[in-house]
Amino acid sequence: MSREEYQVPATGSANTFGGGSFNVPAPRDYAGEGGGVMHYMCGDCAVRVPLEKGAPIRCQKCGARVLYKERTKRMVQFEAR
């Protein structure tokens with residue numbers, strides 16, 4: 001394709017590259033969601049621990065430092081080759 005034949009793609013949610021198409025997700029504002037608090041599970045007592053950015057990584061109930069991130073509730077799908 002020559003430079004003269006090239007057309008700038010329209011700004012939309014669907015883009016095509018190499019014949020395949022996919023949807024581009026809208027950008028998210030993570031700072032506005034929940035005030036920046038993430039919830040983790042304590043490795044020792046299994047209590048739900050809320051942590052903010054910069055907070056010490058420690059369970060408030062038992063003092064353990066092993067915290068596991070909770071699994072997401074939305075569906076995550078990967079495409080295998």
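Only heavy atoms go into these numbers, but all of them, side chains included; no hydrogens, no water, no symmetry mates.
Atom CD of residue E70 and atom NE2 of residue H39 lie 7.0 Å apart, to the nearest 0.5 angstrom.
Under a 4.5 Å side-chain heavy-atom cut-off, the cluster of Ile, Leu, Val, Met, Phe, Trp and Tyr residues that includes M41 has no other member.
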Could you pull out all donor-acceptor pairs under 3.5 Å where a side-chain atom in residues 58-69 meets a protein atom, sequence neighbours excluded?
unit_1	atom_1	unit_2	atom_2	d
R58	NH1	G63	O	3.3

